[in-house]
Amino acid sequence: MIRYVAMRILQTLPVLLGISIVVFFLVRLIPGDPAVATLGSRATPQLVARVRDQLGLDLPLWQQYLAFLGNALRGNFGISFFYQQDVWTVTIARLPITLLLMGYTIVLAAVIAVPFAFLAAARRGRLTDHAIRLLFTIGLGMPVFWSGIILAYLFGVHWKLLPIAGPGDGGLDTLVHLTLPSLVLAISISPILVRTMRSSIAEVLASDYVTTGRAMGLSPQYLSLGYILRNSLRPVITVVTINFGYLIGGTVIAEQIFSLAGVGSLLIGSISTRDYAVIQLATLIFALLVVTANLIGDLLYVVLDPRVALHK
Amino acid sequence: MSIVPAEASPRRTLPRWLLAGNWSLRLGVVGFALIVLAAIFAPLVSSFDPVALDLRNALKAPSLVHPMGTDHLGRDVFSRVIYGARVDLQIGAIGVALPLILGSVIGLAAGYLGGWVDAVVGRIVDIIIAFPFLVLVIAIVAMLGPGLINLYIALTAISWVLYTRIVRAEALALKKREYVLAARNLGFGHLRIMFRHILPNAIAPAFVFAMSDFALDVQVGATLSFFGLGAQPPTPEWGLMIAETRSMMLTAPWVVVGPGLAIVVVSLVVSLIGDGLADLVRGIDD
């Protein structure tokens, strides 16, 4: 078990290195001189030369990369021109709200998906099943920025049920404020959950131990909660980790729509202010979140099913 | 007298499947064809100019003349949605076609050749997949500058890995099949075996995936345009239309409903085709 965990962590190292190379080269995509792009076209040649020197743009590429990697490992991403503050400090301060939004979304998505997946699996091939599948296919087709605007209008303006902007004042108030953005995100990822869980629940329903349980006279409720649900929850972990990048993409949009000061809205905001270092760090953080989620997902899977580690 | 083979070849099963069952595929294909036709013959479908201003008719509610109402500049929303299909379908088509071609060729090479080619390709795929798709598209377009061309560059630079993964796995399995070994023993070159013998049998799952990818690309394209990174005004593009009229939502909710519904309908139609194709591919395999 410990060997499996150590191996799994070691395996991520080349990917982490690759991620850092991609993030380093992002700035190289800027057409023309990155120093001029950062300062604007009206900057004096002296200032441009100073920034070029500061960014190390005159060094060979591999030296620039090593310097970038060294600085990155120490959390040094330079100073944000727009915020006049350390890029690392600005970005990390926004991470908690992003993580909270994502966590809330996963819980809400499971709450929405489980009953529908159950119903669809139990009535497989019948009208209810088809109706649920159609409903969730439509859900998958709604872009988050649009469903966000529509639900904000309905819940926030029309019915005045939920707040539609900002993170609230902490504690319960924050949860209330995050409900609508989380709901929007949950609607966008629950279709994927329903699809996977529907087939896994159907498989469990047809399994020998459920038949045995029925024959033994266990009540349907006990069977549902004690056996079927528990055994079909495992795919949720897989689906969430595989689609973690998709969830992050949605979070970026939702933060922007619902005025939440997270890493996602920082990424979008930094495009117009040409804060390239912030864009780099935000991209890096999101990639690291994906890698971490995959790691945690794999480990959770082993905890739930020790046979996986033995096979490796 | 020629002998008629007892079992139908895959070539013949295809049209037969189109006629029997598979409602999902038929519904999807008809729906998609209608949308494409509406986009091509947009001037015939809609009677208004999608970019001409008509301020006296600004923010009119949906009516028989304007089925989706008018926007803040008096432009007919329905006409803009129809013309917008040209832009959004183009995003989907290019966003699928370029990565499909590039990714399939690379995946074919990696799976068939194996060795260091496969190892290098595998590492690159792992790295690009580690980034959230939308985040990397946004980051690349933010660096290159806004516009549809840069969006296509970003989509191609990222999505190819998804097709590579699929085609590589298929090629890996196919290269051990007897017919491939037979072709090799006949002295056929590697390129001929790869493209004539393996690719046609490895490409089906990539086409199934291309359908959900099409829907994803349309959504990503609309999202980037919504954030000002994709299509630029006054182009009628669905995401851009929503961004332009979002502030009018309180007094005229219809301005954002039309373009959003268009995205939903395209996604739905394309995923119907995808589901249908998946059944079809499974049917041929059986």
Side-chain angles (χ1 to χ4, degrees), chain A residues 12 14-19 21-23 26-31 34 37 133-134 137-147 149-150 152-154 157-158 244-253 256-257 264 267-268 270-272 274 276 279-280 282-284 286-291 294, chain B residues 24 123-146 150 153-154 157 212 215-216 218-223 225-229 238-239 242-243 245-246 249-250 253 256-257 259-272 274-275:
Chain A
T12 60
V15 174
L16 292 180
L17 210 63
I19 289 172
I21 294 174
V22 171
V23 170
L26 268 184
V27 192
R28 296 265 137 200
L29 293 176
I30 303 171
R133 286 175 75 183
L134 182 69
T137 310
I138 291 172
L140 196 62
M142 293 197 293
V144 169
F145 70 92
W146 184 69
S147 53
I149 292 175
I150 299 285
Y153 176 76
L154 290 178
V157 181
H158 197 73
F244 209 70
Y246 184 70
L247 172 61
I248 288 178
T251 309
V252 170
I253 304 167
Q256 187 69 12
I257 298 286
L267 169 73
I268 301 292
S270 301
I271 297 168
S272 53
R274 290 189 297 202
Y276 297 114
I279 298 177
Q280 270 184 309
T283 309
L284 178 67
F286 284 133
L288 292 183
L289 282 182
V290 172
V291 174
N294 279 314
Chain B
S24 180
R123 283 291 89 76
I124 298 175
V125 169
D126 283 348
I127 290 161
I128 297 184
I129 280 178
F131 287 91
F133 186 71
L134 183 70
V135 169
L136 197 53
V137 174
I138 288 177
I140 291 178
V141 177
M143 299 296 170
L144 290 174
N150 289 339
I153 294 175
S212 51
L216 183 69
V218 168
Q219 290 193 17
V220 166
T223 303
S225 302
F226 177 79
F227 287 135
L229 292 169
W238 298 334
I242 296 171
T245 51
R246 191 186 161 193
M249 174 105 200
L250 292 186
V256 305
V257 172
L261 280 182
I263 300 174
V264 175
V265 168
V266 167
S267 304
L268 185 64
V269 161
V270 173
S271 45
L272 281 178
D275 286 350

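Throughout, protein chains are lettered first and strands after them, A, B, ... in sequence-line order, and every chain is numbered starting at 1. It should be emphasised that the depicted structure is a prediction, and the values quoted were computed from it without experimental measurement.
Contacts with chain A were tallied for Asp126(B), Leu216(B), Val256(B); Val256(B) has the most, counting heavy-atom pairs under 4.5 Å. In terms of heavy-atom pairs under 4.5 angstrom with chain A, the leader among Ile140(B), Val220(B), Leu272(B) is Ile140(B). Among Val22(A), Leu247(A), Leu16(A), the residue with the largest count of heavy-atom pairs under 4.5 Å with chain B is Val22(A). Of the listed residues (Ile150(A), Thr283(A), Val15(A), Leu134(A)), the one with the most heavy-atom contacts under 4.5 Å to chain B is Thr283(A). Of the listed residues (Leu134(B), Val264(B), Val265(B)), the greatest number of heavy-atom pairs within a distance under 4.5 Å of chain A belongs to Val264(B).
Distance check, rounded to the nearest 0.5 Å: CG of Leu26(A) to CG of Leu136(B) gives 6.5 Å. Atom CD1 of Ile268(A) is separated from atom CG of Leu229(B) by 6.5 Å, given to the nearest 0.5 angstrom. Within the model, atoms CG of Leu284(A) and CZ of Phe131(B) stand 7.0 Å from one another, a figure rounded to the nearest 0.5 Å. Atom CD1 of Ile138(B) sits about 10.0 Å away from atom CD1 of Ile279(A), to the nearest 0.5 Å. Distance check, rounded to the nearest 0.5 Å: CD1 of Ile138(A) to CG of Leu261(B) gives 10.0 Å. Residue Phe226(B) holds its CZ atom at 4.0 Å from CD1 of Ile149(A), rounded to the nearest 0.5 Å.
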Test side chain to side chain contact (heavy atoms under 4.5 Å, CB included) on Leu17(A) and Arg123(B); report intermediate values, then the result. CA-CA 11 Å; Leu17(A) 210 63; Arg123(B) 283 291 89 76; over 6 Å; no
Any chance you could lay out the side chain to side chain contact (heavy atoms under 4.5 Å, CB included) test for Leu250(B) and Tyr153(A), step after step, and finish with the verdict? CA-CA 8 Å; Leu250(B) 292 186; Tyr153(A) 176 76; 4.2 Å; yes
If you apply the rule side chain to side chain contact (heavy atoms under 4.5 Å, CB included), what do you find for Phe227(B) with Ile253(A), and how did you get there? CA-CA 9 Å; Phe227(B) 287 135; Ile253(A) 304 167; 4.1 Å; yes
So Ile129(B) and Val290(A), side chain to side chain contact (heavy atoms under 4.5 Å, CB included) or not? Walk me through it. CA-CA 9 Å; Ile129(B) 280 178; Val290(A) 172; over 6 Å; no
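Of the two parts of Val257(B), the backbone and the side chain both hold a non-hydrogen atom closer than 4.5 Å to a non-hydrogen atom of chain A. Looking at Ser271(B), only its side chain comes within 4.5 Å of chain A, counting heavy atoms on both sides. Of the atoms belonging to Ile257(A), heavy atoms from both backbone and side chain fall under 4.5 Å from chain B. Heavy atoms of Tyr246(A) lying under 4.5 Å from chain B belong exclusively to its side chain. Interface residue Ala139(B): backbone and side-chain heavy atoms are both found under 4.5 Å from chain A. Contact annotation for Pro253(B): only side-chain heavy atoms (C-beta onward) come within less than 4.5 Å of a heavy atom of chain A. Contact of Leu29(A) with chain B is made through backbone and side chain together, with heavy-atom distances under 4.5 Å.
Contact detail for Phe145(A) and Gly239(B): the closest heavy-atom pair is CZ-CA, 3.9 Å. Contact detail for Ala142(B) and Ile271(A): the closest heavy-atom pair is CB-CG1, 3.7 Å. Nearest heavy-atom pair, Gln219(B) versus Leu140(A), reported as atom, atom and distance to 0.1 Å: NE2-O, 3.2 Å. Closest approach of Val291(A) to Ala130(B), counting heavy atoms only: CG2-CB, 4.1 Å. Of all the heavy atoms in Gly245(A) and Pro132(B), the pair that sits closest is O-CB, 3.4 Å. Of all non-hydrogen atoms in Pro31(A) and Leu144(B), the two that sit nearest each other are CG-O, 3.7 Å.
Between Gln256(A) and Thr223(B) the shortest side-chain heavy-atom distance does not fall below 4.5 Å. For the pair Trp146(A) and Ile263(B), the minimum side-chain heavy-atom distance is 4.5 Å or more.
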